[in-house]
There are 2 protein chains.
Amino acid sequence: MARTAGSDGERTQAAIRDAAVNLIARYGYEAVSMRQLAAEVGVQPAALYRYFPTKEDLLYELMTAHMNALVASWETARPASGNATALLAAFVRNHIDFHVERRQTTHVNNMELRSLSRDRLSTILRLRAGYEKELRQILRQGADAGLFTVEDVTLTAMAIIQMVTGVIVWFRPDERLSVAEVTDTYHKMTMRLVGARNA
Amino acid sequence: MARTAGSDGERTQAAIRDAAVNLIARYGYEAVSMRQLAAEVGVQPAALYRYFPTKEDLLYELMTAHMNALVASWETARPASGNATALLAAFVRNHIDFHVERRQTTHVNNMELRSLSRDRLSTILRLRAGYEKELRQILRQGADAGLFTVEDVTLTAMAIIQMVTGVIVWFRPDERLSVAEVTDTYHKMTMRLVGARNA
DNA sequence: CAGATAATAAAACGAACGTTCAATTAATTC
DNA sequence: GAATTAATTGAACGTTCGTTTTATTATCTG
C-alpha cells in the first residue's frame, strides 16, 4: 500500500506532535522509539520522516514551540502599568496557569534538555533566560521601590521559578484543589516570600 | 587475558557506582550504554555483570542509596527538642546541604524515576513520601501553634521542597555565592513564605 | 481526464543495544 | 605448591534502533 484514503499532511503532522508529546512526557525521549511513535499515530515509521528529518528535530520543535508560547503568553498577560506587586502577581498567575494547562510539554521541556545538540540547547536556554529576566526585573523594581525584601535578586528569582513550576510535579486538577485555589495559595506564598508590603 | 593484576572486587564495584552516577547525571540513564560505562571504569562490559545483574539493578541501587542517605541525614540532623520554627530551619538547612553535596545523585534521583519498574518505583516513592511527611508535620505543628501562616499544609510542603531542591539546578559553589550564603537566604525566604512570627 | 504532486507503505541498511557464556589468569587457602 | 576461588577478558547472541530507498496509491491541477 501507499498513500491512504483521506490522508492529510497537516493532520498527520499534528498527530505526530501530539503523540510525541504524550509518549516523551511519559517514557522519556530516549526511551521512545520512532516505531513506537509511528504505531501511536497509526502510520509506518518511514512516514514520520516526511515531517521531521530526525528524531531530534522533532524534539527540538516541540521544545521551541513550548518556549515561544510561554514568552508570548507573558507578553500578553503582562500589565501595561502597575507596580512591582501587581506585576509579580500577574507573573505568578500566568506562569502557573500556563504550565498547568501544558503539563506534558512542560515536562518534556524540563526533562529533555540534555538530548539536544549544543546549538539547540543554547537556543532553548536563551529563550528561558529571557523569560526569567522578566522576573528578575520585577524583583529588582520591587526591591528598589521598597516594596519587597529581596536578599539576592537572582537567587530569589530561581527560588520562585522552581517553586511555581514545581506545581505540575504533584498537582492534578479536579482533585482536592482547583487550579484557582492552587494559584491563589502560590500567589500568597510568593508575596510573603518577597516580603511584599502592599499585597 | 582474564583476571588482571591488582584487581579487587570492592574497588571495582565502587568505581562502577561512581562512573555510573557521573554518566547518568550527565547524559541520562537511557542514553548511557553498558559499553560506555565499562569504558569509563576501564573494564570490559561483561565485568559489570559480576556486580549488577542488570542495568536497572544498578540504577535502583544508586537511587535507594541516595534516598536512604537522605532519610538518615535528617534523622541525625533533626533537633531533639525545639519549636516548629527551629525544626523548619534545621530541615531547610539539612536539605540544602545534603543536596548540594550530592548534586549528581540528586539529579539521578529526580530525573530517572521513570526508568524503574513499578515495584522499585513505588519503593523509592515510599521513601520520598516518608521524608516529605516530616516537613508536613513541622508545618502543621507550626500552624497549630500559631507560629506559621499556612493555607494548605500539603501544598506548602511541596512548594518548599521544590524551591529548596531546585538549588542544585542553578547553583554551583565557589561562584558568586557560597553554600552558607545560599542556605542562609533560602532559610530567610522559607521563614517568610510560611509567615513565621518568631524567626 | 491526463499529468503532476502529496502522502504513505514495505523492505532493508548498518550500527548499537543489553546480556550471556566459556576461557583464562590472579589471588587465596590448605 | 597444588587446589580453590575471585576477577576479568573476548567473543558472540538475538533484538532493536534511527534512518534511507523505492514503489505505490490518493488527491489536486489544468
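Computed from a predicted structure; not experimentally measured. Heavy atoms only: backbone and side chains are in, while hydrogens, waters and symmetry mates are out.
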Quiz item: Any side-chain donor paired with an acceptor under 3.5 Å for A/R50 and A/T12?
Solution: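 Side-chain D/A pair, A/R50 to A/T12: absent.
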Quiz item: salt bridge (charged side-chain N to carboxylate O under 4.0 Å, His left out) between A/E151 and B/R192: does it pass, once the steps are laid out?
Solution: CA-CA 12 Å; A/E151 286 83 13; B/R192 286 199 298 266; 2.9 Å; yes
Exercise. Find out if a path of hydrophobic residues (ILVMFWY) with successive side-chain heavy-atom gaps under 4.5 Å connects A/V21 to A/I168.
Key: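 In one cluster with A/V21: A/I168, no.
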Would you tabulate the nitrogen or oxygen pairs shorter than 3.5 Å linking the protein to nucleotides 27-29 of chain C?
| unit_1 | atom_1 | unit_2 | atom_2 | d |
| --- | --- | --- | --- | --- |
| C/dA27 | OP1 | B/G6 | N | 2.8 |

Exercise. Find out if a path of hydrophobic residues (ILVMFWY) with successive side-chain heavy-atom gaps under 4.5 Å connects B/M111 to B/I161.
Key: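 They do not share one cluster, since no chain of ILVMFWY contacts under 4.5 Å joins B/M111 to B/I161.
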Practice problem: Check the distance between D/dG18's C1' and A/L59's CG and give it to me in whole angstrom. | Solution: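 Nearest whole value for this atom pair: 15 Å.
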Exercise. Round to the nearest Å and state the distance from B/K55 atom NZ to C/dT20 atom P.
Key: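 Between P of C/dT20 and NZ of B/K55: 15 Å.
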Quiz item: Of all of residues 24-51 of chain B, which get a heavy atom below 4.0 angstrom from DNA chain D, listed by number?
Solution: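 Contacts with DNA chain D under 4.0 Å: B/R35, B/V43, B/Q44, B/A46, B/A47, B/R50, B/Y51.
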Quiz item: Can you check the B/F52 CZ to C/dT20 C1' distance for me, whole Å?
Solution: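 These atoms are roughly 18 Å apart.
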Exercise answer: donor-acceptor pairs, residues 133-143 of chain B side-chain atoms, under 3.5 Å, sequence neighbours excluded:
| unit_1 | atom_1 | unit_2 | atom_2 | d |
| --- | --- | --- | --- | --- |
| B/E134 | OE1 | B/W74 | NE1 | 2.8 |
| B/E134 | OE1 | B/R78 | NE | 3.4 |
| B/E134 | OE1 | B/R78 | NH2 | 3.0 |

Quiz item: Just checking, B/R102 and B/F98: is the charged tip under 6.0 Å from the six-membered ring centre and within 45° of the axis?
Solution: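 Judged by the rule, B/R102 and B/F98 form a cation-pi pair.
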Quiz prompt | Gap between atoms CD and P, on A/E10 and C/dT5 respectively (whole Å) | solution =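 A/E10 atom CD is separated from C/dT5 atom P by 19 Å.
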Quiz item: Should the pair A/R120-A/D57 be classified as a salt bridge under the 4.0 Å nitrogen-to-oxygen rule?
Solution: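 Salt bridge: yes.
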Quiz item: When clusters are formed by joining ILVMFWY residues with side-chain heavy atoms under 4.5 Å apart, either directly or through shared neighbours, do A/V169 and A/F171 land in the same one?
Solution: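 Different clusters.
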Quiz prompt | side-chain N/O A/T54 vs D/dG18 OP1/OP2, d < 4.0 Å | solution =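 Checking A/T54 against D/dG18: no side-chain N or O falls below 4.0 Å of OP1 or OP2.
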